[in-house]
Number of protein chains: 2
Amino acid sequence: MNEIATRRRATVHDVARTAGVSLATVDRVLNARAGVRAATIERVEAAIAELGFQRDLSASLLARARDLRVTFIIPEGSNEFMASLAQAVANRAGPALADRLHLDIIRIKALDAMALAHCLDSLQPSACDCAVIVAGEDPSVLVAVDAATRRGILVVTLVSDLPGSSRRAFIGIDNTAAGRTSASLMGRFCTGHGKVGVIAGSLHLRDHRDRLEGFRQVIAAEFADIEIIGPIEGHDEHAETAAQVTTLLAQHPDLAGIYNLGAGNAGLVSALTASGRAGTIRVIAHELSEPTRRGLLSGVIDVAIDQNPDGEIRAAIGAARALALDSSAAAPIEPIEIGIFLRDNLR
Amino acid sequence: MNEIATRRRATVHDVARTAGVSLATVDRVLNARAGVRAATIERVEAAIAELGFQRDLSASLLARARDLRVTFIIPEGSNEFMASLAQAVANRAGPALADRLHLDIIRIKALDAMALAHCLDSLQPSACDCAVIVAGEDPSVLVAVDAATRRGILVVTLVSDLPGSSRRAFIGIDNTAAGRTSASLMGRFCTGHGKVGVIAGSLHLRDHRDRLEGFRQVIAAEFADIEIIGPIEGHDEHAETAAQVTTLLAQHPDLAGIYNLGAGNAGLVSALTASGRAGTIRVIAHELSEPTRRGLLSGVIDVAIDQNPDGEIRAAIGAARALALDSSAAAPIEPIEIGIFLRDNLR
DNA sequence: TTCGTTTTGAGGTACGTACCTCATGAGCGC
DNA sequence: GCGCTCATGAGGTACGTACCTCAAAACGAA
């Protein structure tokens, strides 16, 4: 038998006694309030370390006058993945309330950096402890993130990171690894066959660039007999993607595979179906959405690479909670896995 | 802007006022204590429903004299997966403490139903609110689970379920779907090639049987040109598996793939490496452990199918917490995904 | 009715932290 | 020594639930 823990947890009282200070001083240190000498802060922190003191989350949440407020800012539009992120937040809102977490969602225009920046600027610290954003890489967003941080709002990036900013955590997958994984599968599917077409949404998007780079790396290193056609840009639109795929198929009667690293999968599926070559071409796409799900079930798509929206939202909420309760802490790192789905393990 | 919630949460006081009873009565109903007429219970429950009252977890945990105690009973031995489950529990023990959760681990002899039953019998309700077990399908375990439930200990099954018992939740993957997924990948890897060897640990294990069944289903339905050799039983032992694989390779010089649905992966890797045919044969194995990780990195193994131990433990703890706080509630269902890992998306 | 039992009410304390006020201490420059 | 500021202490209340005791009320059976 393997007992893990142990005796009674240390409380603030224990910390005060050990540090030789009063409860009020410990409280000031713990909650980063002013009016404590540096030397005293050190004494208290030493006591905290010595006792292994951990703030009791239950009591801490209970004692706060207000709940923690987390605001999600999520792009709106036809992108199914963003919609499922928003849905995941909505699903968590109820249960989270019992944990004293208040979740808000704000939908803003997709790919509009100014809208995101304005939205961040409009957040009041009194109404929002933590903002979770899907950020594009834009200077105005970076400025807004830093301003929000200075106002006392914690910022967490989701899906797409904003390195160089004061964001306190990033929750998302490694898109280069996702591209490598796709190549690794595609290479094994198409050994000795030849051509693979690659479709992107836009090479201005960082995650798409990353996926493409990873895909190219592995194809070049391990599957030298495979020739990459493209990338073609479908701008994440169904109609445009369908047109591009139709052209691609016509130009390459010997095409062995297609990798769509962007959105617009409904167009991909319809074009392939119309061509009559569905099933003979190996297809890898991104995100488990309605179109890819249909594609997997009908055999048009072989594999969907996915970042689990529920998992990402759960991780984001966890990070927000941990940061809000102890803003000096590092964000907990709960790695988001790259999901690989075939018809047989659809969730 | 999309406001989700709302006004102040209802408290027990509100429930008491609405139901027209005293706080004490509400408390008796909420905590299932005796001494309340059925008609009164109904009134209180109606008020709870009307107000949408949810017990405040923070306050609830704080008010309890003792922490929630969750005991994990996990098989010991050379099985790396079980070791990583235990490790995952140990990793969570610290952080969980801040949430008033006390985690214990008991390791018992693997595949020993009597040991598990005895262990369950020895759990005292005063020292354990919830037991999480990796159960084999054995009548003695079933009896012990029901006895524990009657003593007031909640039982949750992990990895392998125990249908027909009074266990309150099951956390694990769908092993049939895992087998189907493996077949779907293997079929695409080996189109037109011919023979695929299948290795199991033991066909007495339910999860192994399920995986085999799923694998066979999909090969038969979709890849009729593939012939399944085996299954061979390696009993999850490294040495025995190595010997079986060596024989298999010698007997089938044209083998295109190997699916190991059991453990013993170190033996699989060493036999393949020794044969000189590593890399020319597609290999799918189960569980991300040291041997499979090495196999993926060296190119001996193409794909590892995994059930994320951290995710399973997290889900089990979540279920235990929810059940312990409201034992009449249904266990929260957080589906465990089937993880698919290549060298390129190793975590 | 009367006795006994069961149900209900009233009111308390406790959990550990957050946050508040007020008083007192130490330390400073002059 | 003065007055001043800043650091700290002392002690309180509040959060929402759990759990306790004791008394009062309701109910049932004789």
Side-chain angles (χ1 to χ4, degrees), chain A residues 7-17 19-44 47-48 51-68 97-102 126 129 321 324-327, chain B residues 7-17 19-44 47-48 51-68 97-102 126 129 321 324-327:
Chain A
R7 44 171 198 214
R8 187 177 65 86
R9 269 191 308 281
T11 74
V12 280
H13 295 86
D14 302 321
V15 174
R17 204 174 327 110
V21 300
S22 75
L23 212 74
T25 298
V26 173
D27 182 69
R28 290 180 185 112
V29 172
L30 275 178
N31 295 292
R33 273 188 279 275
V36 187
R37 248 192 317 242
T40 311
I41 294 182
E42 269 181 40
R43 285 228 312 281
V44 172
I48 289 175
L51 296 173
F53 168 79
Q54 279 190 287
R55 189 191 305 245
D56 185 306
L57 291 189
S58 298
S60 176
L61 285 170
L62 181 58
R64 284 168 197 271
R66 57 200 184 78
D67 289 358
L68 290 179
L97 219 50
D99 259 333
R100 310 193 77 85
L101 279 170
H102 181 102
S126 59
D129 300 286
R321 190 168 109 120
L325 289 179
D326 184 359
S327 58
Chain B
R7 40 166 205 219
R8 187 179 64 88
R9 270 190 307 280
T11 73
V12 280
H13 296 84
D14 302 321
V15 174
R17 204 174 326 111
V21 300
S22 74
L23 215 88
T25 300
V26 173
D27 182 69
R28 290 180 184 112
V29 173
L30 275 178
N31 295 293
R33 273 188 279 276
V36 187
R37 247 193 315 243
T40 310
I41 293 183
E42 269 180 39
R43 285 229 311 280
V44 172
I48 289 175
L51 296 173
F53 168 79
Q54 277 190 290
R55 191 192 302 248
D56 185 306
L57 291 188
S58 298
S60 176
L61 285 169
L62 181 57
R64 286 169 195 271
R66 59 201 183 74
D67 289 358
L68 290 180
L97 221 49
D99 259 333
R100 310 193 75 84
L101 278 170
H102 181 103
S126 59
D129 299 286
R321 189 168 111 120
L325 289 180
D326 183 358
S327 57

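Order of the sequence lines fixes the chain letters, A, B, ..., with proteins taken first and strands second; residue numbering starts at 1 for each chain.
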Closer than 4.0 Å, any side-chain N/O of [X] to the OP1 or OP2 of [N]?
| X | N | answer |
| --- | --- | --- |
| A/S22 | D/dG9 | yes |
| A/R55 | C/dA18 | yes |
| B/T11 | D/dG16 | no |
| B/T25 | C/dG9 | yes |

Write down the distance between [atom1] ([X]) and [atom2] ([N]), rounded to a whole number of angstrom.
| X | N | atom1 | atom2 | result |
| --- | --- | --- | --- | --- |
| B/R100 | D/dT17 | CZ | P | 16 Å |
| B/L30 | D/dG16 | CG | C1' | 12 Å |
| B/H102 | C/dC15 | NE2 | C1' | 18 Å |
| B/L57 | D/dT17 | CG | P | 10 Å |
| A/R33 | C/dT21 | CZ | P | 12 Å |
| B/H13 | D/dA14 | NE2 | P | 12 Å |
| A/D27 | D/dA10 | CG | P | 15 Å |

Between A/N31 and A/R37, the residue closer to the 5' end of DNA chain C by nearest nucleotide is A/N31

5'-most contact on DNA chain C: B/A39 or B/A59, nearest heavy atom basis? B/A39

Any idea which of [options] is nearest the [X] side chain?
| X | options | value |
| --- | --- | --- |
| B/L62 | D/dA18, C/dG16, D/dT17 | C/dG16 |
| A/A24 | C/dA10, D/dG9, C/dT17 | D/dG9 |
| B/T40 | C/dT17, D/dT8, C/dT7 | C/dT7 |
| B/V21 | D/dG16, C/dG9, D/dA7 | C/dG9 |

Heavy-atom nearest nucleotide on DNA chain D for B/Q54 versus B/R28: which residue maps closer to 5'? B/Q54

When every non-hydrogen atom of A/R43 is compared with those of A/G20, the smallest separation belongs to NH2-O, 3.6 Å

For B/D56, which contact category applies under a 4.0 Å heavy-atom criterion: base, sugar-phosphate, or nothing? sugar-phosphate

